[in-house]
Amino acid sequence: MDGARDKVFAQAIGCLTPLRAAQLAALPGQDTVEELRLRAGRPPAVKTAAGERETGLAPVTPQELREVVSRAARYSVHSYAESMKQGFITLAGGHRLGLCGTATSENGQVVGVRMLSSVNLRVARQHRQIGGEIAGWIGTARPRSVLVLSPPGYGKTTLLREWIRLTAEQGWTVAVADERSELAALADGVPQFDLGRCTDVLEGCTKKQAALMLLKTMSPALLALDEITAPEDVEAVSLCAHCGTAVLASAHAEGVRDLRGRTLYRALLELGVFDCAVVIGCQNGRRTYRMEELEETPC
């Protein structure tokens, strides 16, 4: 697709300054870009499945970084204060702007990022072709609990979307705890990604809060949530287990062996909820997928 504009990429770079967006609008291979990194003093860099490379464009300035964040927050930074405490801003279409610089703290808690040094624009895409690779694992029987594993940036969220869509299209009710508004990217209540005809979405609250509400009100056969990163997220999974609801979730790990070596994830596995794990890898610049069964972890 060299030389052609990609609609998803064009939407994502809408938060950039007009000059930078115009420069990047001519970027070749836009449809393969997964992340766009702007670092103060360096040219913009793009990341694809094959790795990261710098463009030949003019270096990014600190003033440009500040303007990008202001535009991403629609010139109302206080409206995005909660997500900025966690270092990101979610954009229309499910794209996400990650922030780096000097953290600002109050009472021992991070309340924001000042003196920006770089931002990372993650381009959210729906890849239906993944469905052909995972459909056999989903099957047609009642949903089972599955954990999606990979290092950061390998497409866990993208795979989750397709798993949700294929499950919901079979008639199973799926509830989505979309804490960061990335899985569905609701706009006026309508998901901007196709998550299937039997899917209900709750966003804007923690995974645990969402799980409590969804389990009580939506009676899902499968509850989907994105990255497990905190003990409260493990509690959300535990709530589903006690209600007999299957869980679809993701975690940062290179495989089950790596997962077991981390304290938080050992606690997750000890719940005995997950039947198997789908591990995402990368070979010769292409994503690979493999299934690993999960044996029960002794308490």
Side-chain angles (χ1 to χ4, degrees), residues 49 94 124-151 153-179 182-185 191-203 207 210-211 214-215 218-228 233 236-256 259 265 268-269 271-283 286-296:
R125 301 181 185 276
Q126 183 150 25
H127 291 293
R128 289 178 178 269
Q129 66 269 25
I130 295 175
E133 303 192 46
I134 64 175
W137 294 330
I138 297 173
T140 58
R142 187 174 183 84
R144 59 176 180 164
S145 294
V146 178
L147 194 57
V148 177
L149 308 178
S150 84
Y154 273 51
K156 292 186 291 297
T157 301
T158 302
L159 190 149
L160 286 179
R161 288 194 198 102
E162 285 304 291
W163 200 289
I164 292 166
R165 182 181 67 83
L166 292 173
T167 302
E169 285 302 314
Q170 294 178 12
W172 297 105
T173 301
V174 182
V176 179
D178 199 5
E179 182 176 6
E182 288 184 292
L183 284 168
Q192 301 304 288
F193 296 100
D194 182 3
L195 297 184
R197 60 186 174 85
C198 298
T199 300
D200 304 298
V201 180
L202 180 62
E203 65 174 26
K207 299 179 186 69
L214 291 167
L215 291 169
M218 307 312 292
S219 304
L222 176 70
L223 192 145
L225 41 87
D226 212 340
E227 297 170 356
I228 303 295
D233 299 341
V237 174
S238 179
L239 289 170
C240 298
H242 287 112
C243 293
T245 299
V247 182
L248 174 66
S250 64
H252 291 314
E254 295 184 356
V256 175
L259 193 76
Y265 296 138
L268 179 68
L269 293 175
L271 294 175
V273 172
F274 296 100
D275 303 305
C276 58
V278 174
V279 183
I280 307 175
C282 186
Q283 187 173 9
R286 296 180 61 86
R287 299 286 182 250
T288 61
Y289 306 91
R290 73 176 189 273
M291 175 75 78
E292 293 188 19
E293 296 297 325
L294 289 172
E295 299 177 359
E296 291 189 10

Open item on the list: Under a 3.5 Å distance rule, please check whether Tyr154 uses its side chain to pair with a backbone N or O of Glu254 as donor and acceptor.
Closed with: no
Task: Expected output: side-chain Gln170 to main-chain Gly139 donor-acceptor under 3.5 Å - done: yes
Open item on the list: Can you confirm whether Leu223 sits close enough to Leu239 that some side-chain heavy atom of one is under 4.5 Å from a side-chain heavy atom of the other?
Closed with: no
Open item on the list: Donor-acceptor check, side chain of Arg161 to backbone of His127, threshold 3.5 angstrom: yes or no?
Closed with: no
Task: Donor-acceptor pair, side chain of Asp178 and main chain of Leu183, under 3.5 angstrom - done: yes
Task: Polar side-chain atom of Gln283 near backbone of Thr288 as donor-acceptor pair, under 3.5 Å - done: no
Open item on the list: If you apply the rule side chain to side chain donor-acceptor pair (under 3.5 Å), what do you find for Ser145 with Asp275, and how did you get there?
Closed with: CA-CA 6 Å; Ser145 294; Asp275 303 305; 4.8 Å; no
Task: pair Pro220-Leu215: side-chain heavy atoms closer than 4.5 Å - done: yes
Task: Side-chain donor/acceptor of Ser250 to backbone N/O of Glu227, under 3.5 Å - done: yes
Task: Side chain Glu162, main chain Gln126, donor-acceptor under 3.5 Å - done: no
Open item on the list: If I compare all heavy atoms of Ala241 with all of Val273, which pair ends up nearest, and what's the gap?
Closed with: CB-CG2, 3.4 Å
TODO: Could you check Lys156 against Ile280 for side-chain contact (heavy atoms from CB on, under 4.5 Å), going step by step and ending with a plain yes or no?
DONE: CA-CA 8 Å; Lys156 292 186 291 297; Ile280 307 175; 4.2 Å; yes
- [ ] Quick one: closest heavy-atom pair of Arg197 and Ala168, and the distance?
- [x] CG-O, 3.9 Å
Open item on the list: So which atom in Ala246 and which in Pro143 form the shortest heavy-atom distance, rounded to 0.1 Å?
Closed with: CB-O, 3.5 Å
Open item on the list: Just so I know, are the side chains of Arg287 and Ile130 near enough to count as touching, which here means a heavy-atom distance under 4.5 Å?
Closed with: no
Task: Min side-chain heavy-atom separation Leu222-Trp172 under 4.5 Å - done: no
Open item on the list: In the structure I gave you, are the side-chain heavy atoms of Thr245 and Leu214 within less than 4.5 Å of one another anywhere?
Closed with: no
Task: Distance in Å, Leu147 CG paired with Leu294 CG, rounded so as to fall on 0.5 Å steps - done: 7.0 Å
Task: 4.5 Å side-chain heavy-atom contact, Ile138 and Trp163 - done: yes
Task: Over all atoms of both residues, closest heavy-atom pair of Val278 and Trp137 - done: CG1-CZ3, 3.8 Å
Task: Short side-chain to backbone donor-acceptor contact, Lys207 and Val237, under 3.5 Å - done: no
Open item on the list: Side chains of Asp233 and Leu225, heavy atoms from C-beta outward: is any pair under 4.5 Å?
Closed with: no
Open item on the list: So which atom in Phe274 and which in Ala249 form the shortest heavy-atom distance, rounded to 0.1 Å?
Closed with: CZ-CB, 4.2 Å
